[in-house]
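This report concerns only the one structure given below.
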Amino acid sequence: MSNREPCCNWEQLQDHECVVLFQGGEQAAFAELVRRYQDRIFRFVLRMTDCREEALELTQDTMLKAFHALADWRPDATFATWLFCVANNATMDRLRRKKVVKYVPIEEHMDFPDPASGPEDTMQSAQQYRILEAALQRVHADYRQILLLREVEEMTYAEIGDVLGLREGTVKSRIARARQALIEICKGKA
Amino acid sequence: MKKHCKWSEELSSYLDGELGASSRLKFEAHLGSCFNCTEMLAQLRNLRHCFQSLPQQEVGFDLAPVILANPAHRARPAWRPSFSWWQMLPVSFAAAATVSLGVFMGASLSSKPDIGLVVPTLAVFEPMPPFDVCVAVMSGCYPKDNI
Ligand SMILES: [Zn+2]
């Protein structure tokens with residue numbers, strides 16, 4: 001790996017600038033991209049698989065695939081959506097191979113927060129994210145992935161369409177259905 | 001979304017800021033008079049807050065040196081295509097199939113000889129190469145090692 005001398009302010013570079021530098025042979029530029037995205041990709045995969053070891057392995061696989069594929073990459077989409085696309089494909093392949101549907105029970109008293117109370121009252125406890133994490137593992141993988149991209153990664157519908165290879169209209173309707181399904185599970189109605 | 005009114009499909013897009021300007025204004029006007037949409041929107045907002053409260057797990061170490069030092073890079077440089085034995089399987093099957101077909105056709109011919117078939121006698125080639133080639137070899141146009 002080369003040192004950082006050719007460009008001392010890696011943090012100031014845009015993703016696509018790092019990609020161009022890497023395509024020119026600067027491996028440190030790829031290292032910068034890995035540092036930027038490793039935790040985001042890891043969290044996405046972890047919530048998809050619910051297994052830390054598997055998530056770590058898939059994150060490494062994603063970065064390795066990116067390393068080899070970036071040479072021919074052209075910026076039709078952003079680097080972030082492309083990388084999430086690579087990660088999502090690897091993760092869905094893994095889930096399909098396993099064909100294991102986890103059943104994560106949700107305790108009855110963990111009802112979905114009452115919308116009448118304010119977010120400050122309802123969202124501060126650790127219990128709420130445990131409800132959500134359990135519910136996420138029970139919702140269909142297609143719903144889980146699209147909700148994570150929207151709610152955690154805060155991607156636009158167009159970006160989600162790029163990651164999942166869907167039209168914006170499909171993204172819109174799938175997100176609406178996914179939210180409804182998740183709320184039903186959180187409420188103990190599904 | 002459950003269809004409790006004609007706007008229920010749009011709730012999710014409204015929350016995400018993905019409604020067009022005119023649709024957004026109409027929906028906001030509708031919200032003031034529709035209890036169901038107001039309640040549903042509050043639930044969607046709560047769900048969003050829940051997502052934001054999820055713990056931020058981390059890899060815990062710098063993955064970059066691991067990726068860059070991965071043996072896969074040395075074993076498979078970017079400029080050289082890699083071949084595995086399983087990638088040769090289709091070629092092997094095709095070759096085996098061709099040989100089998102040839103043996104089968106040959107066996108078919110020899111097992112049922114056509115008595116009326118007249119097989120022309122092949123002429124025996126001269127053991128010596130044509131004159132032009134001999135001249136070329138002797139004059140040094142072709143290195144003898146290559147012949
Ligand atoms: Zn309404």
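- Both the backbone and the side chain of B:Q56 come within less than 4.5 Å of a heavy atom of chain A.
- Neither the backbone nor the side chain of B:Y14 has a heavy atom closer than 4.5 Å to any heavy atom of chain A.
- Side-chain contact between B:E58 and A:Q38: absent, with no pair of heavy atoms (C-beta onward) separated by less than 4.5 Å.
- For the set A:M63, A:R150, A:E154, A:Q60, the count of heavy-atom pairs under 4.5 angstrom toward chain B peaks at A:R150.
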Next on the checklist: The test is side-chain contact (heavy atoms from CB on, under 4.5 Å); show your working for A:Y37 and B:L63 and say whether it passes.
Outcome noted: CA-CA 10 Å; A:Y37 285 98; B:L63 206 49; over 6 Å; no
Checklist entry - Is there a side-chain hydrogen bond (donor to acceptor under 3.5 Å, both in side chains) between A:R52 and B:Q57 once you walk through the steps? => result CA-CA 10 Å; A:R52 187 177 169 83; B:Q57 297 98 334; over 6 Å; no
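- One distance of note links CD of A:E133 with CZ of B:F51; it measures 10.0 Å at 0.5 Å rounding.
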Next on the checklist: Does B:M40 form a side-chain contact (heavy atoms from CB on, under 4.5 Å) with A:I183? I'd like the steps, not just the answer.
Outcome noted: CA-CA 10 Å; B:M40 196 61 217; A:I183 287 174; 4.0 Å; yes
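- Ranking B:L41, B:L15, B:D62 against chain A, the residue ahead of the rest is B:D62, based on heavy-atom pairs under 4.5 Å.
- Between B:E18 and A:Y157, the shortest heavy-atom distance links the atoms OE2-N, 2.8 Å.
- Between A:Y129 and B:C50 there is no side-chain heavy-atom pair separated by less than 4.5 Å.
- Residue A:R40: no heavy atom, backbone or side chain, is found under 4.5 Å from chain B.
- Side chains of A:R179 and B:Q43: no donor on one and acceptor on the other come within 3.5 Å.
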Checklist entry - Can A:L132 and B:L47 be said to form a side-chain contact (heavy atoms from CB on, under 4.5 Å), step by step? => result CA-CA 8 Å; A:L132 182 60; B:L47 188 65; 4.0 Å; yes
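- Only the side chain of A:L136 comes within less than 4.5 Å of a heavy atom in chain B; its backbone stays farther off.
- Listed here is the closest heavy atom pair of A:V34 and B:A64: CG1-N, 3.6 Å.
- Residue contact with chain B, scored on non-hydrogen atoms closer than 4.5 Å, involves the backbone and the side chain of A:T156 alike.
- Looking at A:D39, its side chain does come within 3.5 Å of a backbone N or O of B:V59 through a donor-acceptor pair.
- Residues B:F61 and A:F30 share a single hydrophobic cluster, defined by chaining ILVMFWY side chains whose heavy atoms lie under 4.5 Å apart.
- From A:R174, atom CZ reaches atom OG of B:S12 across 13.0 Å, with rounding to the nearest 0.5 Å.
- Using a 4.5 Å heavy-atom threshold, the side chains of A:E151 and B:H49 count as separate.
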